[in-house]
Amino acid sequence: QAQLIESGGGLVQAGGSLRLSCVASRSTFNNYAMAWFRQTPGKDREFVARINWSGAVTNYSDSVKGRFTITRDNAKITNYLQMSSLKPEDQGIYYCAATTSWYSEPHFFQSAKKWNYWGQGTQVTVSS
């Protein structure tokens with residue numbers, strides 16, 4: 001069973017930073033696009049950022065652009081989400097996701113339904 005394991009969540013004050021990590025269980029994930037989504041109670045999972053297999057192409061939601069950075073280290077089968085200037089509205093459970101497909105249309109890659117593999121999530125709490 002392929003696995004994605006997130007870590008790095010926690011409690012941080014508004015304006016602070018956190019780095020999330022997502023480790024994959026097998027090296028085939030190095031050929032996959034990776035992404036981060038977040039979810040708050042009662043809401044659908046919201047796209048945050050994605051990165052292509054090589055790390056050369058990234059996309060961000062408008063709400064995090066300029067504050068968050070997604071990267072990957074294929075030697076470690078790991079991708080990272082560096083979050084800076086955190087706001088209370090960034091709070092939620094952050095999920096790592098993966099897919100073999102690369103969609104050019106935001107309507108597709110921002111949909112959780114288009115991502116095949118998911119981690120269990122890590123909680124990010126931002127205090128005001």
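Counting all heavy atoms, side chain and backbone alike, Trp115 lies closest to Ala33 at CZ3-O, 3.5 Å. Heavy atoms only, all atoms of each residue included: Ser104 and Arg50 are closest at CA-NH2, 4.5 Å. Nearest approach of Gln82 to Ser17, heavy atoms of both residues: NE2-CB, 4.0 Å. Listed here is the closest heavy atom pair of Asn74 and Asn30: O-ND2, 3.0 Å. In terms of heavy-atom proximity, Gln91 sits nearest to Thr125 at OE1-CG2, 3.2 Å. Contact detail for Ser21 and Thr78: the closest heavy-atom pair is CB-CG2, 4.4 Å.
By the rule that hydrophobic residues join a cluster once side-chain heavy atoms approach within less than 4.5 Å of another member, Tyr117 and Met34 end up as members of one cluster. No continuous path of ILVMFWY side-chain contacts below 4.5 Å connects Val124 to Tyr80, so the two sit in separate hydrophobic clusters. Residues Leu20 and Ile70 share a single hydrophobic cluster, defined by chaining ILVMFWY side chains whose heavy atoms lie under 4.5 Å apart.
Taking 4.5 Å as the limit, every side-chain heavy atom of Gln110 sits out of range of all side-chain heavy atoms of Glu46. Considering only heavy atoms from C-beta on, Tyr60 comes within 4.5 Å of Thr69 through its side chain. Asn79 is listed as a side-chain neighbour of Trp36, based on a closest heavy-atom distance under 4.5 Å. Phe68 has its side chain within reach of Leu86: a pair of non-hydrogen atoms, C-beta onward, lies under 4.5 Å apart. The closest side-chain heavy-atom distance from Arg38 to Val64 is below 4.5 Å. Contact of the Val48 side chain with the Met83 side chain is not registered, since no non-hydrogen atoms from C-beta on lie closer than 4.5 Å.
At a threshold of 4.0 Å, the pair Asp90-Lys87 does not count as salt-bridged, since none of the basic side-chain nitrogens sits closer than that to a carboxylate oxygen.
In this structure, the side chain of Glu6 does not engage the main chain of Thr122 through any donor-acceptor pair within 3.5 Å. Although no hydrogens or angles enter the test, the distance criterion places a donor-acceptor pair under 3.5 Å between the side chain of Asn52 and the main chain of Gly55.
Atom CD of Gln120 is surrounded by 12 or fewer heavy atoms from other residues, nucleotides or ligands within 6.0 Å. Heavy atoms from other residues, nucleotides or ligands lying under 6.0 Å from CH2 of Trp53 number 12 at most.
Atom OG1 of Thr71 is separated from atom CD1 of Ile51 by 6.0 Å, given to the nearest 0.5 angstrom. The OG atom of Ser84 sits 11.5 Å away from the CZ atom of Arg19 when rounded to the nearest 0.5 Å. To the nearest 0.5 angstrom, Lys65 atom NZ is 9.5 Å from Thr58 atom OG1. To the nearest 0.5 Å, the span separating CG on Leu4 from OG on Ser25 amounts to 7.0 Å.
In this structure, the ring of Phe109 has its center less than 6.0 angstrom from the ring center of Phe47.
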Original post:
Between Tyr32 and Asn116, does a side-chain contact (heavy atoms from CB on, under 4.5 Å) hold up when you go through it step by step?
Top reply: CA-CA 10 Å; Tyr32 292 11; Asn116 308 112; over 6 Å; no
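Across Leu11, Val12, Leu18, a single residue satisfies side-chain contact (heavy atoms from CB on, under 4.5 Å) together with Val126, and that is Val12.
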